[in-house]
A.B. asks: 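Submitted below is the structure of interest, expressed as structure tokens.
The shown structure was predicted, so the numbers you read here are calculated from the model rather than taken from an experiment. Lettering follows sequence order; numbering is per chain, from 1.
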Amino acid sequence: MGAGRANVGDMAKGYEPGPIEDKWYAKWMEDGIFNADPNQNKPPFSIVIPPPNVTGSLHLGHALDNTLQDILCRAKRMQGFKVLWMPGTDHAGIATQNVVERSLMKDGISRHELGREAFVERVWAWKEEYGSRIIGQLKKLGASCDWDRERFTMDEGLSRAVRKVFVDLYNKDLIYRGKYLINWCPRCLTALSDLEVEHKELEGKFYSVLYRFADGGEGEGITVMTTRPETILGDTAIAVHPRDERNRHLVGRRVSVPITGRVIPVIEDNMVDPEFGTGAVKITPAHDPNDFLVGSRHGLESIQVIDAHGVMSDEAGAYKGLDRLEARDAIADELKTLGLLLSADGRKHSVGHCYRCGTIIEPYLSEQWFVRAKPLAETDIAAVKAGAIRFVPEQWTQTYYQWMENIRDWCISRQLWWGHRIPAWYCADCGKVIVSLETPAACKCGRTNLRQDEDVLDTWFSSALWPFSTMGWPDDTDALRAFYPTSVLVTGFDIIFFWVARMIMMGMEFMEREPFRDVYIHALVRDEHGRKMSKSRGNVIDPLVIIDKYGADALRLTLTALTLQGRDIFMSENRVETYRFFLNKLWNASRFALMNLEDSPGDIAPLCGEDEPHLRLHDRWIAVRVSNVTSEMTRLLDGYFFGEAARLMYDFVWNELCDWYLEMSKPALRGGEGPARKNTSQKVIYQVFRDVLKLLHPIIPFVTEELWDAFAFGGGIIGRGEWPVAKSYPGAETVEYDMAFLQNIVRAIRNLRAEVKLPPQKTAPLMSLRLKDQAKTALISENSDMIKMLAKVDELELSALGAPKPAKSIATVTGDWELFFPVGSLMDVGREITRFEDELKKLDAEMKKVAGKLGNENFIAKAPPEVVEKERAALAEGEARKRRIEENLEGLRR
RNA sequence: GCGGGCAUAGCUCAGCUGGCUAGAGCACAUGGGUCACAACCAUGGGGUCCGGGGUUCAAGUCCCUGUGCCCGCACCA
């Protein structure tokens, strides 16, 4: 490794990633190149990883997310930044608790049998054993995190940060506790925040139910509509809108609740939509969020008829013990027999489900802790408006504002055992609540009968602190000083609210600075048909399988190339193959280069210099191109244009470096142009590969490291190398223009060859090229050996435009040159005549367009002069071309 | 209801602040065992840029409108 030039023979089998990737990752770790040093005298660049769940296994979303972060970090390291990529994992409250519970269930043990302490111990044991699996998988992907700094949301330091934040917010009255109707998962037996509820459209029934008057007054009763008849048992009022002409007269009357017979009042409340249904609504404060508000406004009683398990409670009378959904049908049946069920029509409505286990959530009345979000959100909106934080792509800013502006209080308590326990204690004697950093010894009332709150905090509470808690906050650390605020956060849009918004919230509150300057939101990885990947669909592509089969570089390159701002990624194994071919191409091109480099040939500087006598057009050209690609690549990475960056390199390496430059270098490398040319050519190739490998390294680190080593470029690891510098070569534009001219001639010859179906290995005896421009004649004649080789021609005859053309020949004509291929009896002349006639027709149409444009006064007056000039030239050129085609036709007809 | 996105070749998509003959990859067709590479090379066919209006000298690009698809949030008695 690193000692000298590789044995080229070993490379002949093509690129095989497996052993190479493992070897280099180990070397990188050994050399500590990922380690961040806050005290280095360099500009900082930092990223915190979106901490994967400890229960997690690497999926394509992670692979994408971390590939992009890795690209940025590796590029920035080479660009001279001190880089911190902070890694770690999230304890993932519900998810982890569920996983461990399930594994206990296999042995027939429930967590309640174990008890809280023993259960939490089990979870820690599970975490120690399996929790680092995803870290190993990130390493396989090539992630260049500073692993020495790996953190866990429940490790000691982070737990301290969590406590401090909770206590401070409580003291500022930004955290409060209260009895509210919250989202409850009857399976997980915990409260959920609004975000943790997933709404799905379900087919339900819309029941019309008659509530008979119970006050002896006129009429039969009031009809109300409901999708949840089981909640009828908990009704404590009927409400109508105060200005509803249709129902106003009902206010103040009394009706009896079906089945229970409870007599309830008719009240008025603005919440009712008078247009909807009958305009009368049954009010169940204990089981519906809107009804809860109505209930508290009117001081209505709350009757809980459904318990925490989703089972009908004591209050449900005969229905006690029935599951809520079973009770729904049973109660509908009873209403029917009572003659109170007027109708039951099908109706689609959206129903909330637990985002973890999919159980239908239940609005449930209980005592919970909340973060008062509104006052915090104001600062956070201002931070984005002021430009301190920038979303990329920009459209996500809207999404962020919309949520922040309509934010509701965040329910942060969870009835789980795995997580950060809420630092609140209750005095059994005086009932006082004590919120404190340390476990209090006694209550203010002097007694010591204290009990800590049983609940833990929402997982997202601790992840909200991640950008500063991982760097040692609340202590004042070198890392915080050097690396906070972080440079960019890279994540998917699905956690903008869960995580991004809340990090901003906590960062602004506790660091008084934004946690990151840019938020790069990438797309979702879908299957090749654009469907979400899911286990149940069976369309999940496992990145680890892909890595095994094609290598991490192939996966990284594929994901990167498919990453376009604002577009989802449609992924298939087939696409990975395409990009794997590129790695092989790069491998073979390098192999070719190495075969032709004896020793380190040294540098030519500048590479495009005028004073280097042995540089030819294509040498200068590739130097110019490398330079332009360098500045383009730098710009694209800085702007998070990952897909464009990957494709820029792909196209450059394949279509320019391999297809043209290396081909054109062959005569020199084989010694046909003498020792000086050979040496010059070697030097150019050496330098070109050195820069190209560096530019590719952030995207495909493994193969470039291996090739770097094979070339023996020196300076150790490629990642330690400096990012190439774009140079401005004098005359660069001319070089590119000349090269394009030359390429066009070669392509034209190849086309003519194909036209007469000349087999590729056969050389064409003669091509006649007429050039308009003297300078071009010199250019072509200097490079005619090159052209002859690339296009397989024996003789290339040069003359000025207008020279007599050869008989029985086919031609390609442009304004600058005409190319003739005397074909004699090689081809079907009649067919060729038709081709020219077609071309003439096309040309006519085009010229009409241009002529029309030039005939337009407005165009002449208002368009920029260079555009008008261009059009004039095009017209002149077209006319010349037309004449030549006509002549050509004549020539063939003769 | 509020907000956002997308519509370009058979498929997946580029086309940036309007200005070259609208491009690429895959697929397809033809030819090729040429000494880096068949995981390759060369060449070719294929487009009413979703419909309709407008702005402009000029629209795939900007504006309006219609249609179709997708996503998020809220509501859903």
Side-chain angles (χ1 to χ4, degrees), chain A residues 8 11-12 14-15 194-195 199 201 204 206-207 209 224-228 231 238-239 271-273 276-284 288 290-291 347-351 393 395-399 401-403 406 493-494 496-497 524 528-530 561-562 564 566-570 572 574-575 577-596 639 641 643-644 647 650-651 655 658-659 662-663 666 670 747 750-751 753-755 757-762 790-792 842-843 846 849 853-854 856-864 866-868 870-871 874:
Chain A
V8 173
M11 296 173 69
Y15 179 53
D194 294 337
L195 285 176
H199 293 272
E201 284 276 306
F206 205 24
Y207 302 87
V209 183
V224 302
M225 307 194 78
T226 181
T227 53
R228 302 195 57 194
T231 64
I238 299 277
M271 158 272 210
V272 183
D273 175 4
F276 191 91
T278 61
V281 187
K282 68 186 217 49
I283 301 295
T284 322
D288 180 278
N290 284 316
D291 294 4
R347 178 181 161 83
K348 272 201 172 143
H349 59 144
S350 108
V351 179
Q395 78 223 34
W396 293 110
T397 317
Q398 274 311 103
T399 308
Y401 285 145
Q402 212 197 335
W403 190 71
N406 300 300
F493 60 83
D494 48 333
I496 289 184
F497 307 137
L524 211 67
E528 57 186 315
H529 305 292
L562 296 176
L564 297 154
R567 279 253 188 199
D568 281 348
I569 294 171
F570 294 0
S572 69
N574 196 14
R575 294 202 178 156
E577 276 189 27
T578 307
Y579 290 99
R580 187 221 358 191
F581 293 160
F582 173 78
L583 300 181
N584 200 52
K585 185 74 182 176
L586 178 69
W587 184 262
N588 280 312
S590 302
R591 195 174 135 226
F592 168 76
L594 288 165
M595 283 167 64
N596 287 287
F641 295 102
E644 288 83 346
R647 272 171 303 145
Y650 183 103
D651 290 342
N655 300 331
C658 292
D659 289 352
L662 293 183
E663 289 303 321
K666 280 178 179 173
R670 285 183 195 136
R747 273 191 276 255
R750 283 173 179 165
N751 286 353
R753 294 176 50 105
E755 201 85 43
K757 301 233 183 293
L758 195 65
Q761 76 275 25
K762 256 187 135 166
L790 292 172
K792 285 213 159 64
K842 240 177 162 174
L843 187 62
E846 265 168 44
K849 234 168 92 184
K853 222 170 167 179
L854 284 166
N856 184 326
E857 287 171 24
N858 278 324
F859 176 69
I860 304 296
K862 294 188 185 173
E866 66 270 19
V867 171
V868 177
K870 234 189 231 170
E871 295 292 344

A.B. asks: If you compare all heavy atoms of T231(A) against all heavy atoms of T284(A), which two are closest, and at what distance to 0.1 Å?
C.D. replies: O-CG2, 3.4 Å
A.B. asks: What's E663(A) touching, base or sugar-phosphate or nothing? Going by heavy atoms closer than 4.0 Å.
C.D. replies: base
A.B. asks: Rounded to whole angstrom, note down the C1' distance from C26(B) over to C69(B).
C.D. replies: 24 Å
A.B. asks: With rounding to the nearest 0.5 angstrom, report the OG1 to CG distance, T578(A) to L562(A).
C.D. replies: 9.0 Å
A.B. asks: Please give me the minimum heavy-atom distance between M271(A) and D291(A), naming the atom from each residue.
C.D. replies: CE-OD1, 3.6 Å
A.B. asks: Can you give me the closest heavy-atom contact between R228(A) and K282(A), atom names plus distance?
C.D. replies: O-CE, 4.3 Å
A.B. asks: Please state the C1' separation for the pair G66(B) and C20(B) - nearest whole angstrom.
C.D. replies: 34 Å
A.B. asks: Can you give one letter per nucleotide of nucleotides 21-34 of chain B, going 5' to 3': B for a protein heavy atom under 4.0 Å from the base, S for sugar-phosphate only, - for none?
C.D. replies: ----S-----SS--
A.B. asks: Just checking R580(A): base, sugar-phosphate only, or nothing, at a heavy-atom cut-off of under 4.0 Å?
C.D. replies: base
A.B. asks: RNA chain B in dot-bracket, Watson-Crick or G-U pairs under 3.5 Å, [ ] crossing, | other strand?
C.D. replies: (((((((..((((.....[...)))).(((((.......))))).....(((((..]....))))))))))))....
A.B. asks: Categorize V272(A) for me: base, sugar-phosphate, or nothing, with a 4.0 angstrom heavy-atom threshold over every strand shown.
C.D. replies: base
A.B. asks: How would you label the contact of K862(A) with the nucleic acid (heavy atoms, under 4.0 Å): base, sugar-phosphate, or nothing?
C.D. replies: base
A.B. asks: Quick check: closest heavy atoms across V224(A) and T278(A), and the distance to 0.1 Å?
C.D. replies: CA-OG1, 4.0 Å
A.B. asks: Which heavy atom of G279(A) sits nearest to which heavy atom of V272(A), and what is that distance?
C.D. replies: O-CG1, 3.4 Å
A.B. asks: Quantified in whole Å, what is the P atom distance between nucleotide G47(B) and nucleotide C73(B)?
C.D. replies: 42 Å
A.B. asks: If we ignore hydrogens and angles and just use 3.5 Å, is the side chain of N588(A) paired with the main-chain N or O of N584(A) as donor and acceptor?
C.D. replies: yes
A.B. asks: Is there a donor-acceptor pair closer than 3.5 Å between any side-chain N or O of R591(A) and the backbone N or O of W587(A)?
C.D. replies: no
A.B. asks: What nucleotide, of A36(B), C2(B), A42(B), holds the atom closest to the side chain of A589(A)?
C.D. replies: A36(B)
A.B. asks: Please compare N751(A) and F497(A) by the position of their nearest nucleotide in RNA chain B and report the one closer to 5'.
C.D. replies: N751(A)
A.B. asks: Could you check whether T227(A) gets within reach of a base, just the sugar-phosphate, or nothing at all, counting any heavy atom under 4.0 Å?
C.D. replies: sugar-phosphate
A.B. asks: Contact class for F206(A) vs. all strands (heavy atom < 4.0 Å): base, sugar-phosphate, or nothing?
C.D. replies: sugar-phosphate
A.B. asks: Would K585(A) and Y15(A) count as a cation-pi pair here, with the cationic atom under 6.0 angstrom from the ring centre and within 45° of the axis?
C.D. replies: no
A.B. asks: Which of these nucleotides, U43(B), A36(B), C71(B), is closest to any side-chain atom of R591(A)?
C.D. replies: A36(B)
A.B. asks: For T226(A), answer base if it contacts any base atom (sugar-phosphate contacts may also be present), sugar-phosphate if it contacts only those atoms, and nothing otherwise; contact means non-hydrogen atoms under 4.0 Å.
C.D. replies: sugar-phosphate
A.B. asks: Taking the side chain of K585(A) as its heavy atoms from C-beta onward, which of U43(B), G72(B), C37(B) lies nearest to it?
C.D. replies: C37(B)
A.B. asks: Using atom C1' in both nucleotides, what's the gap between G60(B) and U21(B) to the nearest angstrom?
C.D. replies: 15 Å
A.B. asks: Under 3.5 Å, side chain of R753(A) to main-chain N/O of K792(A), donor-acceptor pair present?
C.D. replies: yes
A.B. asks: Quick check on RNA chain B: between D659(A) and D194(A), whose nearest nucleotide comes earlier from the 5' end?
C.D. replies: D659(A)
